[in-house]
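The residues of the chain are indexed from 1 along the displayed sequence.
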Amino acid sequence: MAKPNEQFDAIVVGSGISGGWAAKELCENGLKTLVLERGRMVKHIEDYPTANKDPWDFEFKNRRTVAQQERQVKQNRTGYTTRDESAHWFVDDVIHPYNEVKRFDWIRGYHVGGRSIMWGRQSYRLSDIDFEANKREGIAVDWPVRYADIAPWYDKVEEFIGVSGEALGKEVLPDGVFSPPMELNCAERDLREKIANSYDDGRVLTIGRTAHLTGDKAHDGRSNCVYRNRCIRGCPFGGYFSSVSSTLPAAERTGNMTLRPNSIVHEVIYDPQTQRATGVKVIDAETGENLVFNAKVIFLCASAIATAGILLQSKSERFPNGMGNDSGELGRNIMDHHFKAGAFAEVDGFEDQYFKGRRPNGIYIPRFRNIGGVTDQPNFLRGYGYQGGASRGTYGDQIAEIGYGAELKDLVSHPGKWSMTLMGFGECLPYHDNKMELDYDKRDKWGLPTYTFDVEWKENEWEMRKDMVQQAMEMLEMAGYKNIRPWDDPGAPGLGIHEMGTARMGRDPKTSVLNENNQIHNVPNVYCTDGSFMTSASCVNPSLTYMAFTARAANHAVNQLKKES
């Protein structure tokens with residue numbers, strides 16, 4: 001256990017997707033690194049309590065009691081996070097409150113491994129179409145990097161975590177280091193062929209690129225995905241990437257990592273003489289004790305919201321509005337992906353075919369709108385991709401209240417109809433007035449200010465959603481499918497669980513918080529590498545990008561320390 005005021009080479013705040021990568025890279029480069037996690041300890045395999053439970057092992061058919069539901073009202077806005085199989089991974093809203101000027105769905109997991117245990121695992125690269133969009137359109141600020149700067153780090157991350165997928169040769173979705181792709185089923189192959197034969201605007205249907213192990217390559221302590229599709233419970237096989245099965249063990253093997261759970265970081269300490277950070281202030285979540293830990297370099301990987309919250313609380317004479325907040329952009333430009341817009345259909349003609357296993361992956365149709373500097377849609381900027389897939393219905397689709405008996409036994413032996421779902425996943429623009437703020441009048445149980453959100457979708461997102469629905473319906477109609485139904489359930493920002501942009505990168509400290517290396521402009525030994533650094537959102541899942549930027553920033557920090565020694 002780390003001792004108060006103990007000196008480390010590096011401190012990493014957070015142990016999820018970004019924190020795990022920071023720990024791995026810093027430790028493997030010889031830095032004595034303290035990893036601080038605000039939540040409880042989780043050990044790979046032994047701390048996945050529901051991983052091997054079957055449906056009949058849950059007392060209330062995977063449902064929570066009314067009393068339990070009342071403690072996770074906001075966490076349950078997704079509709080799937082707080083089932084009995086997974087509710088233990090998500091926070092208690094009573095203990096961890098937040099405030100909303102406009103609805104914001106802040107979905108969190110406070111434990112070692114963070115949301116890397118429960119993430120959706122879709123892993124896509126940003127392209128120069130994404131990195132250049134702000135500059136090309138005169139929106140927000142320009143990214144201070146381009147794809148060529150990040151490509152080698154995407155390679156490194158994909159090689160280590162294992163990403164299965166298919167190379168497409170498309171500029172809008174750069175190819176990567178892939179293990180063998182998962183298979184499309186017969187209905188998905190049918191739609192893929194019909195799209196290829198009917199469109200000349202670059203549309204293609206492929207299997208999702210996902211961080212699940214396939215193929216023959218060995219990964220320390222992990223084995224290939226076995227298609228159980230119980231991923232949200234924690235995978236005892238290590239079939240998908242998480243920090244507790246992969247990066248944290250790699251850091252631990254070096255002997256350089258000290259991991260301290262139940263450690264709530266709330267302030268980065270600034271030294272005006274050196275103009276650098278010297279450490280962090282911590283509250284022990286169990287005892288309430290106030291602690292200080294010191295280090296030469298600090299990585300904030302606590303999530304876009306928590307990292308911004310820590311910096312906003314890190315006030316000093318030099319930074320009266322929060323560390324690094326010379327621009328006034330800290331806590332602003334909150335983005336997420338808007339989704340749940342598309343269409344459903346029934347697929348005839350494959351009644352004699354089924355599939356084996358529970359593939360934890362779906363299809364992907366990459367962005368085909370407004371590509372390469374050409375604006376083909378006058379009503380909105382940027383674009384969207386589609387996720388989804390085809391399956392055959394189960395007994396629950398036919399008889400919702402059935403529980404047991406001869407009818408059930410007969411019905412489950414007959415697969416339902418094939419159905420196809422296309423769900424758009426769209427980019428949100430960075431808006432200065434989409435923000436979070438500290439509320440010192442409403443404090444949590446540790447006496448820290450709570451966060452207030454004022455975030456909304458705007459006209460560009462609403463116009464994009466219309467096209468998401470229309471194009472999904474047109475593709476299903478083109479394919480000859482039946483009973484086509486539109487789908488538009490916008491929810492609120494945060495529901496995509498891809499919150500980002502609160503401490504954006506940029507070229508100028510007057511308009512951004514971080515530089516091209518993820519350093520705070522005027523506090524160069526503090527790096528932010530979770531979703532906070534994102535200057536724009538793209539329309540693809542962002543976690544792979546967080547990991548690539550984290551690995552790059554960690555190696556930059558190591559080289560800087562070497563120069564200074």
Side-chain angles (χ1 to χ4, degrees), residues 11-14 16-19 22 36 38 91 96-102 104-108 110 114-115 140-141 264-270 277 280-281 298-316 319-336 428 430-440 442-444 448-455 493-494 497-506 509 511-515 518-523 526-537 542 546 549-550 553:
I11 289 174
V12 176
V13 181
I17 278 183
S18 301
L36 296 170
R38 70 169 293 155
V91 302
H96 304 287
Y98 66 91
N99 318 301
E100 302 161 287
V101 174
K102 302 180 183 75
F104 186 84
D105 299 336
W106 190 22
I107 312 302
R108 293 157 288 159
Y110 289 161
R115 290 182 302 195
V141 298
I264 304 173
V265 176
H266 60 96
E267 185 178 337
V268 180
I269 304 167
Y270 179 73
V280 296
K281 293 182 180 180
I298 295 166
F299 270 70
L300 295 181
C301 304
S303 84
I305 304 304
T307 284
I310 291 168
L311 292 175
L312 285 167
Q313 293 174 78
S314 302
K315 297 176 181 179
S316 61
F319 295 110
N321 299 314
M323 181 176 284
N325 199 20
D326 292 344
S327 64
E329 296 298 331
L330 186 61
R332 293 184 174 272
N333 311 295
I334 292 177
M335 298 170 284
D336 188 21
C428 172
Y431 303 106
H432 177 76
D433 56 349
N434 274 352
K435 63 183 179 179
M436 54 163 284
E437 297 177 316
L438 302 180
D439 189 332
Y440 285 94
K442 297 178 181 178
R443 296 176 181 260
D444 65 18
L448 299 175
T450 55
Y451 304 154
T452 298
F453 294 95
D454 188 353
V455 184
I497 320 183
H498 293 162
E499 64 273 13
M500 53 188 137
T502 54
R504 69 186 181 192
M505 300 176 80
T511 58
S512 60
V513 179
L514 308 174
N515 68 13
N518 293 78
Q519 300 164 283
I520 293 180
H521 281 297
N522 293 306
V523 193
V526 178
Y527 293 75
C528 303
T529 68
D530 48 29
S532 61
F533 74 84
M534 296 285 281
T535 308
S536 65
Y546 301 168
F549 273 83
T550 300

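Between K315 and P320 there is no side-chain heavy-atom pair separated by less than 4.5 Å. Taking 4.5 Å as the limit, some side-chain heavy atom of R38 sits within range of a side-chain heavy atom of H96. Residues S327 and V513 meet the side-chain proximity criterion, which asks for heavy atoms closer than 4.5 Å. Residues H521 and D326 fail the side-chain proximity criterion, which asks for heavy atoms closer than 4.5 Å. Between I305 and T502 there is a side-chain heavy-atom pair separated by less than 4.5 Å. For the pair F549 and M505, the minimum side-chain heavy-atom distance is below 4.5 Å. Looking only at side-chain heavy atoms (C-beta outward), L300 and C528 come within less than 4.5 Å of each other.
Without hydrogens or angle criteria, R332 side chain to H432 main chain gives a donor-acceptor distance under 3.5 Å. Formation of a donor-acceptor pair under 3.5 Å by the D105 side chain with backbone atoms of G494 is not found in this model. Side chain of D530 to main chain of A302: a donor-acceptor pair is present (N/O by atom type, distance under 3.5 Å, no hydrogens or angles). Not a single donor-acceptor pair under 3.5 Å links the side chain of R504 to the backbone N or O of A140. A donor-acceptor distance shorter than 3.5 angstrom exists from the side chain of T550 to the backbone of T529, with no hydrogens or angles considered. Side-chain atoms of N325 come within 3.5 Å of backbone atoms of L330 as a donor-acceptor pair (strictly under, hydrogens ignored).
Separation of atoms OG (S512) and CD1 (I520) is listed at 11.5 Å; rounding is to 0.5 Å. Atoms CG and CG, from N518 and L514 in turn, are 6.0 Å apart once rounded to the nearest 0.5 Å. Distance check, rounded to the nearest 0.5 Å: CG of N99 to CG of D454 gives 12.0 Å. For the atom pair CG of L311 and CZ of F319, the computed distance is 10.0 Å after rounding to the nearest 0.5 Å. Rounding to the nearest 0.5 Å gives a distance of 14.0 Å between OH of Y527 and CZ of F533. Rounding to the nearest 0.5 Å places CE of M323 at 11.0 Å from CG of N522.
By the 30° and 60° cut-offs, the orientation of the rings of W106 relative to Y98 is perpendicular.
For the pair A537 and M335, the tightest heavy-atom approach, listed with the atom from each and the gap, is N-SD, 3.7 Å. Heavy atoms only, all atoms of each residue included: A306 and Y451 are closest at O-OH, 4.1 Å. Closest of all the heavy-atom pairs between V12 and C301 is CG1-SG, 4.3 Å. Shown here for A277 and I298, the closest heavy-atom pair between the two residues is CB-CD1, 3.9 Å. Nearest heavy-atom pair, V141 versus T535, reported as atom, atom and distance to 0.1 Å: O-CG2, 3.4 Å. Residue S532 comes nearest to T307 through the heavy atom pair OG-CG2, 3.9 Å, listed as atom of the first residue, atom of the second, then distance.
The number of heavy-atom neighbours closer than 6.0 Å to NZ of K442, taken from other residues, nucleotides and ligands shown, is 12 or below.
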Starting from the C-alpha separation in whole Å, work towards a yes-or-no answer on side-chain contact (heavy atoms from CB on, under 4.5 Å) for T511 and E329. CA-CA 7 Å; T511 58; E329 296 298 331; 5.5 Å; no
Report the C-alpha separation of E499 and V455 in whole Å, then their side-chain angles, then the decisive distance to 0.1 Å, and conclude whether the side-chain contact (heavy atoms from CB on, under 4.5 Å) test is met. CA-CA 11 Å; E499 64 273 13; V455 184; over 6 Å; no
